[in-house]
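Remember, predicted model here, so these are calculated numbers, not experimental data. Below, chain A is the first sequence line, B the second, and so on; all start at residue 1.
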Amino acid sequence: MAKLPKAFYCGADVISIARQLLGNVLVTRIGGEITSGMIVETEAYQGVTDRASHAWAGRRTDRTEIMFGEGGKAYVYLCYGIHHLFNIVTNQKEIPHAILIRALEPIQGIGVMLRRSGKEKPEHTLTSGPGSLSRALGIDRRLHTGESLTGKNIWIRKGKRTLKTSEIVASTRIGISYAGPDAYQPWRFHIRGNPWVSRAKGLDPGEKIKGRPTTRLL
DNA sequence: CGACCGATCGTCT
DNA sequence: GACGATCGGTCGA
């Protein structure tokens with residue numbers, strides 16, 4: 001199966017790329033063990049102009065440096081001291097766009113995923129949610145940050161078919177109520193009706209706006 | 001169900 | 001010294 005090429009990640013429109021990623025397959029190979037899952041939920045982060053982005057206002061630190069490089073590499077950071085969240089860097093050098101992968105539908109190596117996650121059955125929580133999917137696929141900040149997505153440790157394989165527009169739902173991003181106006185941007189995408197999409201436990205307080213839907217069909 | 005809370009540590013101020 | 005692009009557990013209605 002064909003890996004998505006580097007050029008795919010270097011595109012200028014991070015929103016479009018976040019939508020196109022749905023239906024493709026994230027694969028890791030660690031110590032000879034292959035695990036994979038179909039991407040069913042993503043969030044786009046628009047760099048320096050996006051208050052929810054780690055690179056907002058041009059913040060450039062050791063942690064975020066990788067985002068300022070060329071697209072097609074992994075940005076993995078530690079959240080709440082526990083979870084490794086997996087992002088894909090997009091766009092050209094000096095434009096720090098990124099896409100967070102929030103949920104997968106397990107495909108390959110389910111036994112390995114269960115072992116890593118300490119679970120017995122492939123229930124919804126195995127790969128639903130950014131922290132959970134990283135644990136299942138063995139994604140680790142120290143192991144994967146800076147890794148090329150066209151290399152042999154972690155990559156994205158083209159899915160079997162292209163999704164119809166009507167199968168993609170846009171909504172507000174999760175857990176970023178600190179981002180002010182940008183908390184209302186409909187930059188979270190998921191596959192309509194897919195059971196592996198993460199459960200937004202309830203919208204952030206700031207997301208509850210009168211007269212404006214937080215989820216809409218594109 | 002929903003609300004709340006503790007875990008746990010790298011990163012930034 | 002404070003705080004997270006989270007998760008899983010508990011508690012009460």
Once the angle between the rings of A:Trp196 and A:His124 is folded into 0 to 90°, is it parallel (under 30°), tilted (30 to 60°) or perpendicular (over 60°)? parallel
Name the closest nucleotide to the A:Tyr77 side chain, picking from B:dC12, C:dA5, B:dT8. C:dA5
Tell me, please, whether A:Tyr77 has A:Arg141 positioned over its six-membered ring: NZ or CZ under 6.0 Å from the ring centre and within 45 degrees of its axis? no
Winner on side-chain proximity to A:Thr64, out of C:dA5, B:dC12, B:dG10, is B:dC12
Would one find a side-chain N or O of A:Arg141 under 4.0 angstrom from OP1 or OP2 of B:dT11? yes
Atom NE2 of A:His124 and atom P of C:dG8 are separated, to the nearest Å, by 11 Å
The residue, A:Tyr80 or A:Arg63, whose nearest nucleotide of DNA chain B is more 5′ is A:Tyr80
More than 12 non-hydrogen atoms from neighbouring residues, nucleotides or ligands closer than 6.0 Å to NZ on A:Lys158, yes or no? no
Base, sugar-phosphate alone, or nothing: which one does A:Gly81 contact when heavy atoms must sit under 4.0 Å apart? base
Hey, is the main chain of A:Lys164 close enough, under 3.5 Å, to the side chain of A:Glu167 for a donor-acceptor pair? yes
Which part of the nucleic acid does A:Arg142 contact within heavy-atom distance under 4.0 Å: base, sugar-phosphate only, or nothing? nothing
Which base, if any, makes a Watson-Crick or G-U wobble pair with B:dT8, both distances under 3.5 Å? none
OP1 or OP2 of C:dC7 sitting under 4.0 Å from any side-chain N/O of A:Ser132? yes
With a 4.0 Å limit, can you tell me whether A:Arg135 has a side-chain N or O closer than that to the phosphate oxygens OP1/OP2 of C:dT6? no
Listed nucleotide nearest any side-chain atom of A:Leu78, set C:dC7, C:dA5, B:dC9: B:dC9
Which nucleotide wins on minimum distance to the side chain of A:Ile174, given the candidates C:dG8, B:dG10, C:dT6? C:dT6
From C-beta outward on A:Thr125, which listed nucleotide comes closest to its side chain: C:dG8, C:dA5, B:dT13? C:dG8
Would you say a side-chain N or O of A:Lys119 is under 4.0 Å from OP1 or OP2 of C:dG8? yes
Any luck finding a side-chain donor-acceptor pair between A:Tyr75 and A:His54 under 3.5 Å? yes
Answer with base, sugar-phosphate or nothing: what part of the nucleic acid does A:Ile82 contact at a heavy-atom distance below 4.0 Å? base
Can you tell me if A:His83 touches the phosphate of C:dA5, counting only side-chain N or O atoms and a distance under 4.0 Å to OP1 or OP2? no
Look at all strands and tell whether A:Leu100 reaches a base, only sugar-phosphate, or nothing, counting heavy atoms closer than 4.0 Å. base
Which of B:dT11, C:dC7, C:dA5 is nearest the side chain of A:Tyr178? It is C:dA5
